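Take this structure, written in structure tokens, and hold onto it; I'll ask about it next.
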Amino acid sequence: MFNFLTNSFYLTFDDFNFNATLLEGLYSMGYKTPTPIQQEAIPVVLEHHDIIACAQTGTGKTAAYLLPIIDHILKAETRHLNTLIIAPTRELALQIDQQIDGLGYFCSLSSIAIYGGNDGIAWSTQKHALQEGVDIICATPGRLIALLQAGDINFEHLQHLVLDEADRMLDMGFFDDIKTIVNYLPKKRQTIMFSATMPPKIRQLANQITNDAKQINIAISKPAAGIVQQAYILYDNQKEPLIRNILMQEEYPSVIIFSSTKDNVKLLEKTLRGIDRNVRAFHSDLDQAEREEIMRDFKSKRVHILIGTDILSRGIDVDGISLVVNYDAPGDPEDYIHRIGRTARASKAGVAITFVNPKDQFKFFKIESLMGIEVPKMPLPIELGVGPEFNPEKPRTDIRRGAGPNKGNPKRNFNKRPGTKR
Ligand code: AMP
């Protein structure tokens with residue numbers, strides 16, 4: 001897709017030629033565009049290269065390797081145990097397994113999480129599942145070694161080995177365990193290593209288990225120091241009175257408001273027309289000449305308030321923007337940082353305010369986690385009434401599950417793989 005503001009192309013999920021059922025799964029998970037780590041890693045994994053990637057939790061790193069691996073599996077001529085993912089903790093192993101469930105929801109795909117510390121029934125379920133055959137195993141090192149030593153896993157046809165959070169695994173003392181496990185695997189395989197940091201010991205491990213690996217580094221973005229960040233936790237019907245309140249009370253000479261969709265941008269422009277400021281909407285339905293005129297007027301401060309979608313967040317270089325409002329919370333941390341980075345440019349101060357409705361609370365919490373900061377939650381003006389509590393939970397995966405054919409059965413495809421040879 002072409003970004004007319006930056007004059008450059010960026011990849012969409014449609015560019016990867018993924019299997020149609022996999023695309024359906026990722027879109028139903030609410031993924032719209034690949035995150036930066038996905039843009040970089042997916043093409044490399046699809047090309048069967050080994051990879052050493054430096055990326056933190058929250059960047060979309062799990063899908064960066066799962067998507068191309070699932071695609072390989074779906075395109076394979078015969079199906080065997082294809083992929084081993086090793087993770088440091090049972091929580092992470094389970095989370096990865098759940099993402100496989102989500103992404104592979106419309107595919108015929110089977111996976112299992114294998115981790116220690118549970119009872120004998122779980123042990124025999126895991127053994128039984130392995131005998132029946134699965135495409136992907138997500139395992140913690142200890143339990144995996146126990147199963148390997150008992151001769152319960154056949155890795156003869158393994159194609160991919162993934163080490164997720166490799167630095168944490170080494171911190172937890174799994175260095176030798178990983179080497180033991182690797183000795184059970186075929187030498188000809190694709191090895192993918194993800195780590196939040198790259199200390200020398202990780203490099204040493206990478207040298208031993210990868211082959212001519214490509215390196216990918218996604219630096220964690222941080223917002224500029226001069227930006228004062230604030231958030232309002234509110235209901236949707238409190239957004240409009242609040243934006244009026246903010247724009248009236250404070251003297252912000254130059255404001256950008258981000259909304260989630262083109263239609264919402266247009267609607268908000270209409271809503272704000274009554275206020276005593278020059279407001280314009282910026283969206284892709286305008287022709288190039290109109291867009292240029294609006295940008296000129298915004299730069300010269302004839303237009304005071306500009307409303308747009310994320311197309312406004314990248315590439316526009318206007319100094320003196322005193323306030324950025326996220327009328328709808330952005331989809332991911334990178335978008336958030338790009339949006340709020342429109343203010344406080346060139347060492348000036350600026351304010352970034354985010355409206356967070358109940359649906360966006362978890363998204364916003366993820367953004368805060370990735371940046372490693374807690375954005376102050378501002379009290380709503382009294383006349384707007386009481387807002388919701390900030391109580392971010394896990395995303396509501398049950399909404400998606402309820403819509404699908406295998407509702408309520410987390411390992412729904414297990415043992416049931418239409419059209420595959422076995
Ligand atoms: P991770 O960094 O793998 O822990 O992913 C963090 C969160 O981002 C998970 O909840 C993913 O489901 C979500 N996620 C991954 N890729 C995307 C994407 N392209 N668009 C939106 N959300 C994503």
Side-chain angles (χ1 to χ4, degrees), residues 1 10-16 18 22-43 45-46 51 53-71 85-105 111 113 136 138 162-169 192-197 216-221 260-261 309-310 313-314 328-339 359-372 392-401:
M1 193 179 284
Y10 58 92
L11 294 170
T12 69
F13 282 119
D14 290 336
D15 294 323
F16 298 124
F18 283 146
L22 177 58
L23 266 184
E24 203 180 343
L26 72 92
Y27 285 132
S28 80
M29 297 262 292
Y31 298 6
K32 292 198 178 76
T33 47
T35 64
I37 186 71
Q38 291 164 2
Q39 301 249 352
E40 291 217 31
I42 289 173
V45 181
L46 279 176
I51 254 192
C54 194
Q56 285 81 358
T57 298
T59 53
K61 65 170 172 69
T62 317
Y65 63 78
L66 283 182
L67 288 166
I69 286 177
I70 295 174
D71 192 61
I85 301 170
I86 310 179
T89 60
R90 77 183 76 168
E91 288 74 24
L92 185 61
L94 273 168
Q95 251 177 54
I96 297 168
D97 192 41
Q98 279 160 5
Q99 263 202 60
I100 297 170
D101 278 348
L103 294 171
Y105 194 62
S111 66
I136 305 176
C138 308
V162 181
L163 298 191
D164 200 342
E165 299 199 0
D167 49 351
R168 224 166 129 205
M169 281 200 271
I192 296 165
M193 249 179 90
F194 272 75
S195 190
T197 56
I216 295 180
N217 256 312
I218 294 292
I220 277 286
S221 314
S260 54
T261 63
T309 58
D310 279 303
S313 71
R314 287 163 206 258
D328 303 307
D332 64 55
E334 286 297 322
D335 284 341
Y336 178 78
I337 287 160
H338 279 290
R339 284 182 181 190
K359 197 168 95 324
D360 290 338
Q361 286 198 6
F362 180 70
K363 235 170 33 180
F364 192 65
F365 170 70
K366 275 195 319 194
I367 291 171
E368 289 183 311
S369 315
L370 187 74
M371 293 189 305
E393 292 168 8
K394 290 260 162 213
R396 298 277 311 279
T397 45
D398 53 322
I399 295 171
R400 183 178 45 75
R401 282 204 187 293

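Order of listing sets the numbers, starting from 1, for every ligand and every atom in it. This one's a predicted model, so the numbers in the text were calculated from it and none came from an experiment.
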Q) Do any N/O atoms on Gln38 end up under 3.5 angstrom from N/O atoms on ligand 1? A) yes
Q) What pair of heavy atoms forms the shortest contact from Ala87 to Ala93, and how long is it? A) CB-N, 4.0 Å
Q) What atoms in ligand 1 come closer than 4.0 Å to a heavy atom of Phe13? A) 19 (N)
Q: For the pair Tyr336 and Phe364, name the ring-plane relationship: parallel under 30°, tilted 30 to 60°, perpendicular over 60°.
A: perpendicular
(Q) Heavy atoms only: which of Lys366, Gln95, Met29, Gln99 lies closest to atom 13 (C) of ligand 1? (A) Lys366
Q.
Contact between ligand 1 and Thr33 is defined here as a heavy atom of the residue under 4.0 Å from a ligand atom; is it met?
A. yes
Q) Between Gly60 and ligand 1, does any nitrogen or oxygen pair lie at a separation below 3.5 Å? A) yes
Q. Closest heavy-atom contact between Leu22 and Leu67?
A. CD2-O, 3.4 Å
**Q.** Residues Thr89, Glu165; criterion side-chain contact (heavy atoms from CB on, under 4.5 Å); working and verdict
**A.** CA-CA 10 Å; Thr89 60; Glu165 299 199 0; over 6 Å; no
**Q.** pair Leu26-Phe13: side-chain heavy atoms closer than 4.5 Å
**A.** yes
